[in-house]
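For reference, the structure is listed below as structure tokens.
Here the structure is a predicted model, which is why all the values come from computation and not from measurement. Chain naming here is simple, since letters A, B, ... match the order of the sequence lines and numbering starts at 1 in each.
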There are 2 protein chains.
Amino acid sequence: MTETMSESAIRPRKEFGKTVAADITHRLREEIIACGLAPGEPLRFDVLRERFGVSFTTLREALTALTAEGLVDAQEQRGFRVAPVSRQDLVEVTDARVLIEVELIRRAIERGDDDWEIAVISTLHRLKRIEQRDPEHPLRDPEWKIAHRQFHQALVSACGSATLLAIRADLFDRAERYRHLSANFRPRPRDKAGEHQAIMQAAISRNPDLAVQLIEAHIRSTADNVATYAAHLLDTE
Amino acid sequence: MTETMSESAIRPRKEFGKTVAADITHRLREEIIACGLAPGEPLRFDVLRERFGVSFTTLREALTALTAEGLVDAQEQRGFRVAPVSRQDLVEVTDARVLIEVELIRRAIERGDDDWEIAVISTLHRLKRIEQRDPEHPLRDPEWKIAHRQFHQALVSACGSATLLAIRADLFDRAERYRHLSANFRPRPRDKAGEHQAIMQAAISRNPDLAVQLIEAHIRSTADNVATYAAHLLDTE
DNA sequence: CCAGCTCGTATTTTCGAAAATAATACCGTT
DNA sequence: AACGGTATTATTTTCGAAAATACGAGCTGG
């Protein structure tokens with residue numbers, strides 16, 4: 001291994017054009033969502049500094065941003081920790097998601113143009129292809145996670161409100177963390193492929209009532225699954 | 001002026017128990033809402049450092065937090081600026097507020113206990129007393145602002161969802177900034193006292209449909225007022 | 001005169017040391 | 001042995017200097 005083939009050649013220190021802080025925020029977010037950092041776990045600067053190779057200040061900025069997203073919990077003068085999980089929080093996130101997502105899907109169906117339809121169809125197509133490849137543990141496949149996120153994002157993208165989309169994105173991340181939490185204990189994935197297909201068809205055929213009903217069922221049944229199979233992690237807090 | 005009567009004796013550097021960063025975040029937030037820092041204005045570190053007497057790092061943390069709240073706009077590698085205003089953004093904030101506030105007032109009316117009723121009644125009482133004192137320009141009175149905020153906060157406080165309350169609070173702040181924007185050009189305050197009274201009564205008498213209707217009208221008419229009297233500030237951007 | 005380039009300046013971004021605060025261990029007294 | 005207070009250590013928080021980046025003036029060649 002030569003000198004020129006240093007670490008930075010293999011994995012760039014940061015994405016192009018972005019600040020280090022934004023990059024660290026992104027990496028920390030993904031790790032918290034995937035429960036690589038456990039809920040409630042203290043986030044000590046020494047440890048993170050070692051792991052990510054950045055300074056106190058940069059970390060602090062990243063943790064502040066994640067606190068606003070509800071993934072990190074700041075305790076004044078006593079540092080940060082991964083946001084704890086609880087049954088109550090799961091219920092709140094689920095209800096908030098239903099409230100907002102239902103509104104956004106209605107607006108998207110009303111306003112969506114050809115590009116929107118294409119985005120919905122193509123993101124679902126990609127998602128299904130990835131599912132065929134490894135139908136067992138989709139959440140463990142980073143590509144599936146991204147495709148899944150993008151499909152749901154595409155569905156509401158035409159709603160016309162950047163404000164509500166930003167709120168929705170934060171809630172989606174918080175919900176995804178709960179899915180990861182229960183993923184290891186869930187016996188088998190539900191028939192998500194079928195649900196996604198049905199939602200897509202309702203959206204494209206401009207049937208808002210049906211789409212809303214399917215989306216709400218999709219969100220709530222996922223949350224129920226989490227509440228059931230991660231019960232031991234939610235009650236003991 | 002003696003040495004012991006230094007600046008810190010007159011105004012403490014920070015509130016008790018809080019970090020400097022949290023304090024600066026708070027002060028910057030208030031100043032942006034009050035349009036003491038104009039929409040779109042660049043937030044240069046040298047200037048802010050001078051004004052608030054803190055370091056780069058602390059400022060950066062505060063600005064990051066406010067970016068998440070939608071009051072500051074971060075431009076990668078090119079610093080921060082006060083979030084711009086626009087007609088589109090005003091519409092988005094208004095619609096989002098209606099969506100969420102309507103839901104929360106329903107839940108609060110359903111779940112509110114005695115303490116909730118007392119909080120609603122007493123915060124309104126305080127608000128009315130302050131209005132009597134100076135009925136001309138309520139927004140210029142910091143006490144009125146606080147009382148007004150607390151009344152609306154009290155109304156929904158019993159909703160049972162910290163998650164939605166946090167989102168609501170951010171949207172309220174963004175809307176309040178628009179109110180300040182038009183305050184200087186608005187001919188006369190509307191009959192807010194009457195509206196608040198009616199909302200309070202609908203809530204306390206547990207009439208959710210009426211309360212929802214009044215709240216939505218309250219929010220939308222305020223926004224319409226802003227759109228009318230601050231039109232010259234919204235279109236030229 | 002203008003377009004494009006280069007270099008100097010202004011500004012942001014990142015860093016590690018120093019100060020402030022909280023947590024813990026220790027010790028003497030009852 | 002239990003309690004209270006104090007010193008020590010661990011950790012967070014804040015700072016200003018140094019590095020990185022963007023902005024703008026001035027120059028050169030067409």
For B:W144, ring pair (Phe, Tyr, Trp, His ring centres under 6.0 Å) partners two or more places apart: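 Per chain and number, B:W144 pairs via ring pair (Phe, Tyr, Trp, His ring centres under 6.0 Å) with B:H148.
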Please state how far atom [atom1] in [X] lies from atom [atom2] in [N], giving the value in whole angstrom units.
| X | N | atom1 | atom2 | value |
| --- | --- | --- | --- | --- |
| B:K18 | C:dT21 | NZ | P | 16 Å |
| B:R49 | C:dT13 | CZ | P | 15 Å |
| A:Q77 | D:dT13 | CD | C1' | 7 Å |
| B:L43 | C:dA10 | CG | C1' | 17 Å |
| B:R44 | C:dT9 | CZ | C1' | 13 Å |
| A:L48 | D:dT11 | CG | P | 13 Å |
| A:E50 | C:dG16 | CD | C1' | 15 Å |
| A:E76 | C:dA20 | CD | P | 18 Å |

Note: A:E103-A:R107 ion pair, threshold 4.0 Å (strictly below):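 A salt bridge is present here (some side-chain N lies under 4.0 Å from a carboxylate O).
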Nearest-nucleotide 5' precedence on DNA chain C, B:D46 against A:A21: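 Its nearest nucleotide being more 5', the pick is B:D46.
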Selected nucleotide, minimal atom distance to A:F45 side chain, candidates D:dT12, C:dT14, C:dT12: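 Among the listed nucleotides, the one closest to the side chain of A:F45 is D:dT12.
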B:V54 side chain, from C-beta outward: closest of C:dT12, D:dC15, D:dT14: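 Taking heavy atoms from C-beta onward, the closest nucleotide is D:dC15.
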side-chain hydrogen bond (donor to acceptor under 3.5 Å, both in side chains) contacts in which one or both residues fall within residues 32-49 of chain A, not counting sequence neighbours: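 Output for this query is empty, none listed.
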Sugar-phosphate, base or nothing in reach of A:I24, heavy atoms under 4.0 Å: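 Since no nucleic acid heavy atom lies under 4.0 Å of A:I24, the category is nothing.
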Sugar-phosphate only, base, or nothing, as touched by B:F56 at under 4.0 Å among non-hydrogen atoms: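 Result for B:F56 = base.
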Any donor-acceptor N/O pair, B:E92 side chain to A:A162 backbone, under 3.5 Å: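 Yes: the side chain of B:E92 pairs with the backbone of A:A162.
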N/O donor-acceptor pair under 3.5 Å between B:T58 side chain and B:V54 backbone: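 It does not hold such a pair.
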B:I167 side, atom CD1; A:L164 side, atom CG - distance, nearest 0.5 Å: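 Here the rounded value is 9.5 Å.
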Close approaches to DNA chain D from residues 57-69 of chain B, in residue order (heavy atom, under 4.0 Å):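 Going residue by residue through residues 57-69 of chain B, the ones with a heavy atom under 4.0 Å of DNA chain D turn out to be B:T57, B:T58.
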Salt bridge (charged side-chain N to carboxylate O under 4.0 Å, His left out) assessment of A:R149 paired with A:E176: CA-CA 9 Å; A:R149 204 181 294 201; A:E176 187 165 19; 3.1 Å; yes
Presence of B:R78 side-chain N/O under 4.0 Å of D:dC23 phosphate oxygens OP1/OP2: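 For D:dC23, OP1/OP2 do have a side-chain N/O of B:R78 under 4.0 Å.
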